[in-house]
Enquirer: 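My questions will all concern the structure given below.
A, B, ... follow the sequence lines: proteins, then strands. Residue 1 opens every chain.
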Number of protein chains: 2
Amino acid sequence: MLQKAILKISSLSPQSMISFLAAWKYWSVPKDHLLVREQTVSDYLYFIQKGAARIYYYKNGKEITEWIALDEQFFLSITSYFQRTPSHLIIQTLEPSEVYGISYNDFMALADRHHDIEKLLRKMITASLILSQERMDSIQFETAHQRYDRLLKTSPNIIQRVPLSYIASFLGITLETLSRIRSSR
Amino acid sequence: MLQKAILKISSLSPQSMISFLAAWKYWSVPKDHLLVREQTVSDYLYFIQKGAARIYYYKNGKEITEWIALDEQFFLSITSYFQRTPSHLIIQTLEPSEVYGISYNDFMALADRHHDIEKLLRKMITASLILSQERMDSIQFETAHQRYDRLLKTSPNIIQRVPLSYIASFLGITLETLSRIRSSR
DNA sequence: CAGGTGATTTGACATTTGTCAAATAATAAT
DNA sequence: ATTATTATTTGACAAATGTCAAATCACCTG
């Protein structure tokens with residue numbers, strides 16, 4: 001559960017852990033629920049205990065899927081959580097899901113009070129940074145085909161759980177290109 | 001100078017500042033000096049006081065310029081500093097330069113000892129993350145032409161100081177494409 | 001200043017992916 | 001089951017960028 005996932009990132013003193021866990025909210029939501037609506041002010045970092053969700057936003061009238069999260073993953077809109085832009089992001093569950101979230105302000109306040117929470121935050125952001133770099137490398141140097149193969153390797157069951165249109169957008173290609181990639185194997 | 005650049009990111013107690021500054025090494029190096037050679041073990045985070053430098057590595061026999069830094073910028077190889085891969089990165093000065101650097105291990109040890117240094121580190125990584133996201137967004141959604149225009153806007157004088165071949169690689173395009181972009185305006 | 005080396009530009013063509021339109025398949029609702 | 005709706009596939013063509021080869025240009029050295 002949440003506590004275990006936290007400890008995988010960094011250890012916390014019992015006192016810090018108590019304060020930290022208390023700051024997380026919990027939602028149990030049905031499929032196709034919007035966790036964050038456009039225009040919402042408060043930004044959350046999420047942990048999806050069970051289920052599937054995607055983060056997306058609109059760019060020139062088109063949906064861009066920024067991230068897809070399956071069970072037991074932390075996820076957030078990096079752009080929104082740390083830069084507060086584009087604020088028009090939407091988080092939508094793709095299955096009935098159990099989700100935890102902690103607000104930006106709560107997390108920062110706790111990081112200020114507890115050195116070990118600050119360190120945890122730093123490690124989480126570092127992990128994000130590494131992911132971001134890997135994804136950039138993938139977009140820059142790999143063909144669409146290679147990116148699809150890589151995704152399959154990382155999340156073999158994502159195809160069964162997420163519509164292809166979202167996957168295409170997540171991979172940075174069109175639905176048609178993804179379809180052609182899939183039929184050529 | 002370095003202290004001022006640090007304070008722009010986050011404030012430090014006098015005690016922390018003294019310890020932190022003491023951990024930085026200083027080099028004054030000529031043009032075309034290799035700050036980090038391939039195979040080097042220790043990875044540094046750099047601050048270029050004056051001059052120009054680029055970080056690059058080889059991928060399938062080709063030079064990939066990961067970053068170009070001009071005066072008064074912090075810079076590092078994200079992949080190398082945080083993941084320790086690809087370790088075959090090279091940092092080369094493009095002008096006579098004055099450079100400061102702090103090793104990964106020293107920085108982490110100081111972050112463990114001082115909460116405010118940990119927070120500074122977190123803010124630096126956050127800034128890196130935001131840059132990384134912006135760059136990914138640029139690579140994913142902008143044409144080569146738009147990326148070039150954006151670079152010109154950010155660093156108008158980079159063209160005079162850095163060979164086009166490095167700039168092309170930094171923008172993720174070939175030298176020929178960059179040349180055509182430049183001639184079409 | 002002449003020659004040589006490296007940097008940049010130009011040309012012809014190939015490849016990858018996108019766009020738009022239509023067809024087909026899958027799923028949900030009556 | 002039948003229809004309606006949505007998801008996926010397919011086709012024809014266009015746009016952006018890459019590749020390889022050659023031509024220029026710029027600068028440094030003797």
Enquirer: Take atom CG of A:Leu171 and atom P of C:dT17, then tell me their distance rounded to the nearest Å.
Expert: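 From A:Leu171 CG to C:dT17 P: 11 Å.
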
Enquirer: For a quick test of reading the model: is some side-chain N or O of B:Thr177 closer than 4.0 Å to OP1 or OP2 of D:dG18?
Expert: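 Yes.
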
Enquirer: For the pair B:Arg122 and B:Asp116, find out whether any cationic side-chain nitrogen is under 4.0 Å from an anionic carboxylate oxygen.
Expert: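 Salt bridge absent between B:Arg122 and B:Asp116.
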
Enquirer: Where the side chain of A:Glu176 is defined as all heavy atoms beyond and including C-beta, which of D:dT10, C:dT17, C:dT9 is the nearest nucleotide?
Expert: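 Out of D:dT10, C:dT17, C:dT9, the nucleotide with an atom closest to A:Glu176's side chain is D:dT10.
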
Enquirer: Quick one: A:Arg147 CZ to C:dT16 P, roughly how many Å, whole number?
Expert: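 After rounding, the reported distance stands at 13 Å.
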
Enquirer: Report which part of the nucleic acid B:Leu178 touches: base, sugar-phosphate, or nothing (heavy-atom distance under 4.0 Å, all strands).
Expert: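 Touches nothing.
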
Enquirer: DNA chain C: A:Gly172 or B:Val162, which has the more 5' nearest nucleotide?
Expert: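 Checking each residue's closest nucleotide, the 5'-ward one belongs to B:Val162.
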
Enquirer: In whole angstrom, give the distance that lies between atom OH of A:Tyr166 and atom C1' of D:dT6.
Expert: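 Atom-to-atom, A:Tyr166 to D:dT6, this comes out as 11 Å.
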
Enquirer: Between B:Arg135 and B:Trp67, is any pair of side-chain heavy atoms under 4.5 Å apart?
Expert: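 They are in contact (side-chain heavy atoms under 4.5 Å apart), so the answer is yes.
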
Enquirer: Over all strands shown, is B:Thr143 touching base, sugar-phosphate only, or nothing at heavy-atom distances under 4.0 angstrom?
Expert: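 Sugar-phosphate, no base atom in range.
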
Enquirer: Between B:Ile102 and B:Lys25, is any pair of side-chain heavy atoms under 4.5 Å apart?
Expert: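 No, their side chains stay 4.5 Å or more apart.
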
Enquirer: Nearest-Å distance, NZ (B:Lys62) to P (D:dG18)?
Expert: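 Those two atoms, NZ and P, are 10 Å apart.
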
Enquirer: Between A:His145 (NE2) and C:dT15 (C1'), how many Å, whole number?
Expert: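 After rounding, the reported distance stands at 15 Å.
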
Enquirer: B:Arg182 CZ to D:dT17 P: how many Å, rounded?
Expert: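 Those two atoms, CZ and P, are 16 Å apart.
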
Enquirer: Any idea how B:Tyr58 and B:Tyr56 line up, ring-wise: parallel (<30°), tilted (30 to 60°), or perpendicular (>60°)?
Expert: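 Aromatic pair B:Tyr58/B:Tyr56 classed perpendicular.
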
Enquirer: Atom CD1 of B:Ile181 and atom P of D:dA15: how far apart are they, to the nearest Å?
Expert: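 Distance check: B:Ile181 CD1 to D:dA15 P gives 17 Å.
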
Enquirer: Does the D:dG11 base have a donor-acceptor partner in the side chain of A:Arg180 within less than 3.5 Å?
Expert: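 Such a pair exists between side chain and base.
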
Enquirer: Send over the distance from B:Glu63 CD to C:dA7 P, rounded to a whole Å.
Expert: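 Going from CD in B:Glu63 over to P in C:dA7 covers 10 Å.
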
Enquirer: Does a nitrogen or oxygen in the side chain of B:Thr174 sit under 4.0 Å from OP1 or OP2 of D:dG18?
Expert: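 It does, given that an N or O in the side chain of B:Thr174 lies less than 4.0 Å from OP1 or OP2 of D:dG18.
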
Enquirer: Can you identify which nucleotide, out of D:dT8, D:dT19, C:dG18, has its nearest atom closest to the A:Leu175 side chain?
Expert: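 Comparing D:dT8, D:dT19, C:dG18 against the side chain of A:Leu175, the answer is D:dT8.
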
Enquirer: Is there a side-chain polar atom (N or O) of A:Ser179 under 4.0 Å from OP1 or OP2 of D:dT8?
Expert: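 For D:dT8, neither OP1 nor OP2 has a side-chain N or O of A:Ser179 closer than 4.0 Å.
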
Enquirer: Take B:Arg54 and B:Glu63 through the test salt bridge (Lys or Arg N to Asp or Glu O under 4.0 Å) and record every step on the way to the result.
Expert: CA-CA 11 Å; B:Arg54 70 170 179 135; B:Glu63 278 187 10; 3.0 Å; yes

